[in-house]
S.K.: 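This structure is in structure tokens; I'll ask about it shortly.
Because the structure is predicted, anything quoted here is derived from the model rather than measured.
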Amino acid sequence: MSTPPVTTPAATPGLALDTLSVTPDVLEVEARKHRLRRGIRSRRLDRDTGSARAVDTAVARVLTGCPLLAGVHRVACYTSRPGEPGTRELLAELERHEVDVLLPVLLPDGDLDWELDRHPGPLGPDAVAAVDLVIVPALAVDTAGRRLGQGGGSYDRALGRVPARVPVLAVVHDDELFDAAVTPLPTLPHDRPVQAVATPSRWLWLAA
């Protein structure tokens, strides 16, 4: 008997992640993810490097105006890489407001350790459980909270340690935010959803 295909979630964007598929065809889903990653990475390479500073400024403006950051004391974030929406001005703003920022450190086994931005030194993988907000990178996000990462699984493992009360926000370019009712991102049961997304032009609370 053939394996049932992934259930199309277009009509039910608010369902929890673990209800979106029934015994999915893992190879098919991974192939779809691979095609999406390849296309998005290619577009990021073609982005105008001259506008990167403006994007960085725009992301900082959107996020510093986001109510999820109001009153936070400790945030897990990351230093953006070329092609990603920039986080450097955001990190500077968080430091200016004396917010403790945890930055990820990739471990040999692919898991993430964390260290304070202003005081480097390993805090351990469980340190992410004690933050008020987690800001994560992504290649794409859809409006139901599905996140497409780089494929290593590091953030999925790390997000498994984050309490349910702590929101997780992903940062993507505007054209990397997909309408879940039209183009739902492929997911597998281990993929962790996000509750919010920020782009250079806006932030959204999602259905995850």
Side-chain angles (χ1 to χ4, degrees), residues 1-46 76 78 80-85 104-114 125-126 128-129 134-199 204-208:
M1 178 180 292
S2 60
T3 303
V6 177
T7 302
T8 301
T12 53
L15 287 179
L17 186 65
D18 59 0
T19 69
L20 293 177
S21 58
V22 179
T23 57
D25 184 336
V26 174
L27 293 179
E28 178 185 348
V29 173
E30 290 293 358
R32 291 173 59 200
K33 287 185 176 184
H34 176 73
R35 290 192 295 270
L36 281 168
R37 290 187 180 109
R38 184 172 56 192
I40 294 168
R41 287 168 180 154
S42 177
R43 288 194 295 274
R44 284 187 171 185
L45 288 174
D46 291 339
Y78 64 97
S80 55
R81 300 187 297 182
E84 292 180 336
V105 178
L106 185 64
L107 296 173
D109 65 355
D111 206 344
L112 294 180
D113 199 345
W114 300 88
D126 290 332
V128 72
V134 182
I135 301 173
V136 299
L139 287 170
V141 172
D142 73 17
T143 53
R146 304 177 190 88
R147 170 185 171 270
L148 181 70
Q150 293 287 351
S154 298
Y155 272 96
D156 289 320
R157 293 168 69 177
L159 294 180
R161 303 182 179 103
V162 177
R165 60 177 172 77
V166 176
V168 179
L169 180 149
V171 182
V172 295
H173 291 285
D174 285 289
D175 59 356
E176 295 165 355
L177 174 58
F178 292 84
D179 185 342
V182 178
T183 313
L185 293 178
T187 59
L188 289 169
H190 67 265
D191 293 321
R192 296 281 175 170
V194 298
Q195 288 73 50
V197 61
T199 76
L204 292 173
W205 184 256
L206 304 175

S.K.: Please find the pair of heavy atoms, one from A140 and one from I40, that lie closest to each other, and give the distance.
M.R.: CB-CD1, 3.7 Å
S.K.: Distance check, rounded to the nearest 0.5 Å: T187 atom OG1 versus L148 atom CG?
M.R.: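 Between atom OG1 of T187 and atom CG of L148 there are 10.5 Å.
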S.K.: Nearest 0.5 angstrom please: L139 CG to R43 CZ, how far?
M.R.: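 Spacing of CG (L139) from CZ (R43) equals 10.0 Å.
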S.K.: Might you point out which heavy atoms bring P85 and V171 nearest each other, and give the distance in Å?
M.R.: CB-CG1, 3.7 Å
S.K.: Are any of the side-chain heavy atoms of H173 and T199 separated by less than 4.5 Å?
M.R.: no
S.K.: Determine, step by step, whether L107 and L112 satisfy the side chain to side chain contact (heavy atoms under 4.5 Å, CB included) criterion, reporting the C-alpha distance in whole Å, the side-chain angles of both residues, the deciding distance to 0.1 Å, and the verdict.
M.R.: CA-CA 6 Å; L107 296 173; L112 294 180; over 6 Å; no
S.K.: Please give me the minimum heavy-atom distance between A129 and R161, naming the atom from each residue.
M.R.: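 Looks like CB-O, 3.3 Å.
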S.K.: Please examine the side chains of L206 and V141, heavy atoms only from C-beta on, and report whether any two atoms are closer than 4.5 Å.
M.R.: yes
S.K.: Does the side chain to side chain contact (heavy atoms under 4.5 Å, CB included) test come out yes or no for H34 and R38, once each step is laid out?
M.R.: CA-CA 6 Å; H34 176 73; R38 184 172 56 192; 4.1 Å; yes
S.K.: Looking at every non-hydrogen atom in both residues, tell me the closest pair between E84 and P137 and how far apart they are.
M.R.: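 For E84 and P137, the tightest heavy-atom pair comes out as OE2-CB, 3.9 Å.
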S.K.: Verify salt bridge (charged side-chain N to carboxylate O under 4.0 Å, His left out) between D191 and K33, making sure each step is shown before the conclusion.
M.R.: CA-CA 12 Å; D191 293 321; K33 287 185 176 184; 2.6 Å; yes
S.K.: Take E176 and R44 through the salt bridge (charged side-chain N to carboxylate O under 4.0 Å, His left out) test and state the conclusion after the steps.
M.R.: CA-CA 10 Å; E176 295 165 355; R44 284 187 171 185; 2.8 Å; yes
S.K.: Which residue pairs pass the salt bridge (charged side-chain N to carboxylate O under 4.0 Å, His left out) test with at least one member in residues 165-175, sequence neighbours excluded?
M.R.: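 Salt bridge (charged side-chain N to carboxylate O under 4.0 Å, His left out) check on residues 165-175 returns R47-D175.
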S.K.: Mark yes or no for whether T143, through its side chain, and A180, through its backbone, hold a donor-acceptor pair below 3.5 Å.
M.R.: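 Judged by distance alone, yes, a pair lies under 3.5 Å.
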S.K.: For P167, is there any backbone N or O sitting under 3.5 Å from a side-chain donor or acceptor partner on Q195?
M.R.: no
S.K.: When rounded to the nearest 0.5 angstrom, what is the spacing between CG in D46 and CZ in R41?
M.R.: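 D46 atom CG to R41 atom CZ measures 14.5 Å (nearest 0.5 Å).
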S.K.: Test I135 against Y78 for side chain to side chain contact (heavy atoms under 4.5 Å, CB included), laying out the working first.
M.R.: CA-CA 7 Å; I135 301 173; Y78 64 97; 4.1 Å; yes
S.K.: Shortest non-hydrogen contact from V136 to V194?
M.R.: CG2-CG1, 4.2 Å
S.K.: Charged N to carboxylate O under 4.0 angstrom, D109 versus R157?
M.R.: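 Result for this pair is yes, salt bridge flagged.
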S.K.: With side chain to side chain contact (heavy atoms under 4.5 Å, CB included) as the criterion, how do L169 and V197 come out once you've worked through the C-alpha distance, each side chain's angles and the decisive distance to 0.1 Å?
M.R.: CA-CA 5 Å; L169 180 149; V197 61; 5.8 Å; no
S.K.: Which value, rounded to the nearest 0.5 Å, describes the distance between L185 atom CG and L36 atom CG?
M.R.: 6.5 Å
S.K.: Counting only N and O atoms by type, is there a donor-acceptor contact under 3.5 Å from the side chain of D156 to the main-chain atoms of L159?
M.R.: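 No, the answer is negative, given that no donor and acceptor are paired below the 3.5 Å cut-off.
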S.K.: Between V128 and A158, what is the shortest heavy-atom contact and its length?
M.R.: CG1-O, 3.8 Å
S.K.: Considering only heavy atoms from C-beta outward, does the side chain of R147 approach that of Y155 to under 4.5 Å?
M.R.: yes
S.K.: May I ask you to decide if G110's main-chain N or O and S154's side chain share a donor-acceptor pair within less than 3.5 Å?
M.R.: yes
S.K.: Is the closest side-chain heavy-atom distance between W114 and P104 below 4.5 Å?
M.R.: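 In contact.
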